[in-house]
Amino acid sequence: MKLAIVGGGSTYTPELIDGFARLRDVLPLEEVVLVDPDEERLALVGGISQRMLAHAGHPARLTTTTELVAGVTDADAVLVQLRVGGQDARHADETWPHEADCIGQETTGPGGFAKALRTVPVVLRIAEAVRRHAKPDAWIVDFTNPVGIVTRALLQEGHRAVGLCNVAIGFQRRFARILDVAPDQVQLGHVGLNHLTWERSVTVAGRDELPGLIEGRLGELAGDVHLAPELVSGLGALPSYYLRYFYAHDEVLREQRTEPTRAEAVRAIERELLALYADESQVEKPAALEGRGGAFYSEAAIELLAAIHGGEAERAVPRVVNLRNDGVLPFLPDDHVIEVPARYREGRFVAESVAALPDDFTGLISSVAGYERLALDAAVHGGRGRVLRAMRAHPLVRDHDRAERLTDLLLAENARFLEWA
Ligand code: G6P
Ligand code: MN
Ligand code: MN
């Protein structure tokens with residue numbers, strides 16, 4: 001099979017390549033193409049990727065190209081993992097919201113909204129090229145954030161797409177280690193929207209281990225997600241660390257005002273990584289890559305591609321993906337994109353049913369979903385009025401004057417990325 005990786009110049013790519021080498025029996029790749037507009041990045045990342053495959057004795061041919069159409073032509077699957085504006089735009093997303101007393105984050109709140117506005121048109125153009133030039137049944141696997149909004153943009157345009165994030169697989173691996181079982185024995189009761197999720201159960205051999213884990217390892221688990229133990233025990237569920245931007249908003253804002261941004265930290269990691277990638281003697285994934293947030297994203301991607309391409313037997317447990325709601329969360333529209341366990345069957349992903357959620361979860365999910373819908377509308381159609389309306393709808397904003405201020409800041413910081421601004 002031919003896999004195209006759009007945003008292949010990402011410093012994350014060797015993580016995927018490492019997965020291809022380790023999981024070669026699961027996913028029989030013949031050709032991998034890294035597509036990226038940045039030639040320098042392509043040369044460095046392509047170089048180490050080729051050396052890694054050769055070192056592992058993987059038979060796949062790896063090429064690089066700056067030409068999107070050439071890259072996706074005849075692809076069996078296309079992975080999209082790009083960041084419009086790079087770490088500079090991310091640094092901006094992580095700082096300007098502070099001027100209106102709001103947290104700055106690359107996927108959550110006003111910063112995530114800016115990212116959505118920059119990203120949706122770019123990903124839709126890529127998807128059109130996939131529709132025209134890739135194999136007719138090719139899937140788009142979207143890692144590009146904000147995954148919920150981007151996946152919905154793709155589905156709305158009729159693309160065969162699924163969204164993926166590593167938060168769930170991270171929890172699955174973590175619980176498996178604690179419980180001393182194989183990861184695919186651990187079934188997560190994972191529910192919500194991308195980067196707005198809770199683990200409500202952790203089932204192993206038919207038994208929910210989460211109540212016992214919360215009782216026995218409360219401090220450790222709450223510490224993992226940087227939330228108060230009393231909050232976690234009160235919820236009876238384990239939120240992802242992205243919920244910290246809601247449950248501990250003011251605390252995060254105080255921290256962010258004095259600490260360097262994540263973009264700055266990532267820039268430093270990337271400098272180190274690129275120097276290693278340039279080193280011809282480097283033939284394996286550098287340990288420094290563990291400093292990035294993408295742990296297990298290669299496993300998540302490869303297992304998903306294997307399921308789509310029939311290389312995988314029926315799994316013991318479903319995998320968590322971003323897909324159309326279609327009634328699974330009855331309080332959301334059918335066409336909303338949710339993040340829940342699902343199985344791939346007869347050419348599509350089918351979500352498992354989800355037990356009724358408590359009112360605090362449905363309330364927060366509903367309000368963020370409302371924002372996400374308005375944000376996509378703004379990303380597709382443009383216009384300050386649409387941006388303002390989505391901004392105000394975000395539960396971290398709400399106040400009209402603050403929304404006005406944030407809208408002005410967003411537009412000033414992102415004008416060069418927005419065709420309509
Ligand atoms: C996690 C999230 C991703 C996000 C990444 C950021 O993996 O699930 O959606 O892109 O963290 O990692 P970084 O190293 O760029 O901060
Ligand atoms: Mn790039
Ligand atoms: Mn994610």
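Below, all heavy atoms of this structure are taken into account, side chains as well, without hydrogens, waters or symmetry copies. Counting starts at 1 for both ligands and their atoms, following the listed order. Note that the structure is predicted; figures quoted are calculated from it, not measured.
With no hydrogens or angles considered, no side-chain donor-acceptor pair links His190 and Gln172 at under 3.5 Å. A side-chain N or O of Thr11 and one of Glu270 form a donor-acceptor pair less than 3.5 Å apart. Side-chain contact check for Gln50 and Thr64: no donor-acceptor pair (N or O, by modelled atom type) lies under 3.5 Å.
For residues 262-281, no residue pair satisfies the ring-ring contact (aromatic ring centres under 6.0 Å, His included) rule, not counting sequence neighbours. The side chain to side chain donor-acceptor pair (under 3.5 Å) contacts involving residues 410-421 comprise Arg118-Asn414, Arg125-Glu419, where partners must be two or more places apart or lie in separate chains.
In this structure, atom 6 (C) of ligand 1 lies nearest to the protein heavy atom Glu106 OE2, 3.5 Å.
Taking a cut-off of under 4.0 Å to the non-hydrogen atoms of Cys165, the atoms of ligand 1 that pass are 8 (O). Atom numbering of ligand 1 starts at 1 in the shown order; those under 4.0 Å from a heavy atom of Tyr12 are 5 (C), 6 (C), 12 (O), 13 (P), 14 (O), 15 (O). If you number the atoms of ligand 1 from 1 as listed, the ones under 4.0 Å from a heavy atom of Arg83 come out as 15 (O). The distance from ligand 1 to the heavy atoms of Gly294 drops below 4.0 Å at these ligand atoms: 7 (O). Residue Arg292 approaches ligand 1 through these ligand atoms, each under 4.0 Å from one of its heavy atoms: 13 (P), 14 (O), 15 (O). Every atom of ligand 1 is numbered from 1 in the order shown, and the set under 4.0 Å from a heavy atom of Arg90 is 13 (P), 15 (O), 16 (O). The atoms of ligand 1 that sit less than 4.0 Å from any heavy atom of Asn166 are 1 (C), 2 (C), 7 (O), 8 (O).
With a 4.0 Å cut-off on non-hydrogen atoms, Arg262 touches ligand 1 through its side chain and not its backbone. Contacts between Glu270 and ligand 1 below 4.0 angstrom, taking non-hydrogen atoms only, are absent altogether. Heavy atoms of Asn145 found under 4.0 angstrom from ligand 1 belong exclusively to the side chain. Proximity of Tyr241 to ligand 1, defined as any heavy-atom pair under 4.0 Å, is confined to the side chain (atoms from C-beta onward).
Protein-derived N/O/S atoms nearer than 2.8 Å to the Mn ion (ligand 3) total 2, waters excluded.
In this structure, Tyr242 counts as a contact residue of ligand 1, since one of its heavy atoms falls inside 4.0 Å of the ligand. By the 4.0 Å heavy-atom criterion, Gln81 is excluded from the residues contacting ligand 1. Between Tyr297 and ligand 1 there is no heavy-atom distance shorter than 4.0 Å.
A perpendicular orientation is assigned to the rings of Tyr344 and Trp139, their planes being inclined by more than 60° (bins at 30° and 60°). Using a 30° and 60° split on the angle between ring planes, Tyr371 and Phe113 fall in the perpendicular class, above 60°. Ring geometry, Tyr242 versus Tyr245: the interplanar angle falls from 30° to 60°, so the pair is classed tilted. Under the 30°/60° scheme for interplanar angles, the aromatic rings of Phe143 and Tyr297 are found to stand perpendicular.
Between Arg267 and Asp88 there is a salt bridge, with a side-chain nitrogen of the basic residue lying less than 4.0 Å from a carboxylate oxygen of the acidic one. Between Asp335 and Arg152 there is a salt bridge, since a side-chain N of the basic residue sits under 4.0 Å from a carboxylate O of the acidic one.
Under the salt bridge (Lys or Arg N to Asp or Glu O under 4.0 Å) criterion, Glu220 pairs with Arg174, Arg217, not counting sequence neighbours.
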